[in-house]
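Structure record follows, encoded as structure tokens.
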Amino acid sequence: MKKLIFICFILCLSCKVSTGNKDTFQKNSNNSSNNLNIEHRVDSILKLMTLEEKIGQMNQYNGFWDATGPVPKSNEKAALKYEHLKKGLVGSMLNVKGAKQVRALQKIAVEETRLGIPLIFGFDVIHGYKTIGPIPLAESASWDLEAIKKAAQNAAEEAAASGINWTFAPMVDISRDARWGRVMEGAGEDPYLGAKIGVARVQGFQGEDLASPKSIAACAKHFAAYGFAESGRDYNTADIGTSTLYNVVFPPFKAVNEAGVRTFMNSFNILNDLPATGNEFLQREVLKNEWGFDGFIVSDWGSIAEMIPHGYAEDIKHAAELAANAGSDMDMESSAYVLELANLVKEGKVDEKLIDDAAKRILRVKFELGLFDNPYLYCNEEHEKDVVGKRAFHDDALDIAKKLIVLLKNENNILPLKKENQKIALIGALANDKTSPLGSWRIAGDDGTAVSVLEGLQQYKGNTLTYAKGADVVSPGSNITFVNELKINETDTTGFSEAINVAKAADVVVMVLGEHGYQTGEGRSRTKIDLPGVQQELLEAVYKVNKNIVLVLTNGRPLAITWADDNIPAIVEAWHLGVQSGNAIAQVLYGDYNPSGKLPMTFPRNVGQIPIYYNYKNTGRPHGKNSDVVFWSHYSDESNKPLYPFGHGLSYTTFSYKNLKVEALPNSKFKIMVDVTNSGTVIGKEVVQLYIQDKFASLARPVRELKGFVMVELEPKKTKTIELMLTEKELGFYSQHGVFIVEPGEFNVYVGGNSNATLSTTLILE
Ligand code: NOJ
């Protein structure tokens, strides 16, 4: 009987579930992105499904191999999950990796369940799968949308070859708080840049055709306002007004929806007193209705059950009711839907139409991925061997890693380093670390696979290189992956004397300091954002004997390094750069690549300035004529200014800006023109940034907003006229009722190499 239904089902869909031999690996060319056809097929299946099977599609379980959240301890629970899988009560699994394992589980779903509906396998492919690239915040510092797209494309190809159909990326949460560990996973503080980067990532992951064996579905997360966690503490409450929600938080989500992202993830946080997971306004009103999103929303890990401690759901059944009614389609690891939803439907507390809608959304994406045409499309072990870790992925990882390194400071042209007859001292545990550069969120990556800075610099043979550790960042042997930072910070200074001796004898000292790879990421918020452990003391001790220091920072968030900025002549922000880390850093330090990265997030002088961001609104008492007395908006003990502004980044050459002009075109369009000259002596790239200020509006508007950028490469002494466009899309904003409005009036226009650009003009929108 089981088989019969299965066969009828197959016939009715006129598609063949294949066994995934090599010859069936190629995607079935009939598998169309033909929407009508897909809708028809989705409806046909839905008609065959019981209520329990539909709810099963809405259930996602962790695959037990790798946990990225609290795991159920009892085996009993694991056994129940396995039973559910065999009964067709699981629609998706996460954290299963490798073609072989994926195939084994897919086989159960396809061959042992009544309807044989394939599973969709999700994984956090955040910055590469096995070939770990730079962390997303770092990638964003490249401002190079093509390179970012390529990185996502490679990650998708590699993950897909290893059985993965769906990544929980990109994280498009805007954040203004460097204390929040997850800033490493996003594109920084700016909604315009964040939207562009989010779209590039989605296009990279999903490609032209989702059913290609090289592409995977993307997931925009965390909807919404997770990046506004109070005091930067992960999972904390977010409390923001409508204007910030619509003008700052939503734009990247809206943009990736318009770019066709197939899934969204809701978030752990309460937003204005309502948990995002149970928030009907966010999920149904805004996303599904207003924005017309027709993919599906997955909850975050256990976030349905977490509505109980939020004090919003009475118990797990109530949580399931609230989440399903609010539009959360798939339950990640709460088991709330699979255990409670059928009864809730029978009791009339959840309308079966909502279950149908959720199941349809999930099935639709499975069809688009080609899973019904070939459920084993993504599980070919030979193909996996050929693809995972390909040389080309490493080459591209190196390419983007170079492009995003930010030269923060370079006094007396201490950089680039001379290639010959120099005694170079290399100091810092992170300089000889092959794991930390992989950063946080790299669950399929292998420890020890990054090229260290030491290895990178050793390739330049003309100088003498001497290495001394100085001090560890975290205590050796700590279980850094899951343990709180408080317990792991190193305090041992016995290695200082060796470092001091090495520095004394050197012409130039390169110090690699910063954060261990797992000092940022989920659950890694910090109240201090300076150099952890005893690294600041090490820096100062070395400085006493040799001031010719190049400080290379490797970290996952903006750091408050005010002392270093005051004293150290050259500072390079090298983030956590992934497998090619040491090669990229060495090429930049030696000038084989002229740095072009620009900060996607403001660097504060002091943690007390947070939240600090360039697109703030003026107070009624800004800096001005009363600034010599206390009654203006400022601190008594620190400047209002950041250490490094958003968009900042130097080069080994210099750029000058002249002749800023605005030409008004029909239909409220404006052409902005500016002459950019390479005024230095070497070829270099510059990210030309366009900012506006709406001088007077029905809502207070930011002092500056990024509204365009373009990368230009110029030979020395060459000038190029750069053109950028402004339209109503850039000049308008969302009202307090969430309505997009365009108001006539005067705008300031600024163009330059960072958010403090001084060259300005005005335009009038009529
Ligand atoms: C929790 C994180 O918040 C989310 O971003 C991630 O995708 C899931 N865990 C799954 O690992």
Side-chain angles (χ1 to χ4, degrees), residues 59-72 91-97 120-129 135-137 152 155-156 159 164-175 180-187 198 201-202 205 216-229 232-238 252-253 256 261-271 275-277 295-307 310 323 328-335 439-445 481-482 518 520-525 556:
N59 181 32
Q60 184 187 52
Y61 281 148
N62 182 48
F64 319 122
W65 280 269
D66 268 302
T68 53
V71 195
S92 172
M93 299 200 68
L94 77 151
N95 288 331
V96 181
K97 61 178 185 214
I120 174 171
F121 289 88
F123 202 88
D124 289 283
V125 184
I126 305 297
H127 51 115
Y129 175 70
I135 55 167
L137 182 68
I164 309 303
N165 322 126
W166 171 30
T167 175
F168 305 125
M171 186 188 97
V172 295
D173 295 310
I174 296 300
S175 181
W180 189 49
R182 295 195 82 167
V183 295
M184 56 77 51
E185 207 181 331
R201 289 192 172 130
V202 167
F205 286 131
I216 56 182
C219 180
K221 68 188 189 185
H222 306 83
F223 201 58
Y226 182 43
F228 278 74
R233 179 157 50 81
D234 207 0
Y235 318 123
N236 205 3
T237 297
F253 286 105
V256 294
V261 70
R262 298 314 290 133
T263 73
F264 268 63
M265 185 184 290
N266 56 36
S267 56
F268 291 123
N269 57 284
I270 287 175
L271 169 61
T277 302
F296 68 89
I297 305 177
V298 63
S299 80
D300 203 343
W301 179 295
S303 69
I304 296 181
E306 286 179 18
M307 289 197 287
H310 276 313
S328 184
D329 301 307
M330 188 182 273
D331 170 3
M332 183 193 285
E333 269 290 315
S334 285
S335 301
S440 205
W441 276 122
R442 33 99 175 178
I443 33 185
T481 322
F482 291 118
Y518 276 125
T520 58
E522 186 179 346
R524 278 107 180 167
S525 297

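Quick caveat: nothing in here was measured; it's all calculated off a predicted structure. Counting starts at 1 for both ligands and their atoms, following the listed order.
- Taking every heavy atom of R182 and a limit of under 4.0 angstrom, the matching atoms of ligand 1 come to 2 (C), 3 (O), 4 (C), 5 (O).
- Contacts between N95 and ligand 1, counted as non-hydrogen atom pairs separated by less than 4.0 Å, are absent for every part of the residue.
- Neither the backbone nor the side chain of M171 has any atom closer than 4.0 Å to an atom of ligand 1 (non-hydrogen atoms only).
- In the model, S525 has no side-chain atom that pairs as donor or acceptor with a side-chain atom of D234 under 3.5 Å.
- Of the N or O atoms in E185, none lie within a sub-3.5 Å distance of an N or O in ligand 1.
- At a 3.5 angstrom cut-off on N or O pairs, W441 does not count as close to ligand 1.
- The L94 neighbourhood of ligand 1 comprises atoms 10 (C), with distances under 4.0 Å to a heavy atom of that residue.
- Set against the non-hydrogen atoms of K221, the atoms of ligand 1 under 4.0 Å away are 4 (C), 5 (O), 6 (C), 7 (O).
- When only interatomic distances are considered, the shortest N/O to N/O separation between D300 and ligand 1 falls below 3.5 Å.
- A donor and an acceptor atom, one from each side chain of W441 and E185, are located under 3.5 Å apart.
- A donor-acceptor pair shorter than 3.5 Å can be found between the side chains of Y226 and R182.
- Side-chain contact, E306 with Y235: no donor N or O sits under 3.5 Å from an acceptor N or O.
- Checked by atom type, the side-chain pair N62/N95 shows a donor-acceptor distance below 3.5 Å.
- Which parts of ligand 1 touch F168 is read off a 4.0 Å heavy-atom cut-off, strictly below it: atoms 7 (O).
- Here the two rings, on F264 and F296, have centers that are 6.0 Å apart or farther.
- With rounding to the nearest 0.5 Å, the separation of CG in D300 from CZ in F223 is 14.5 Å.
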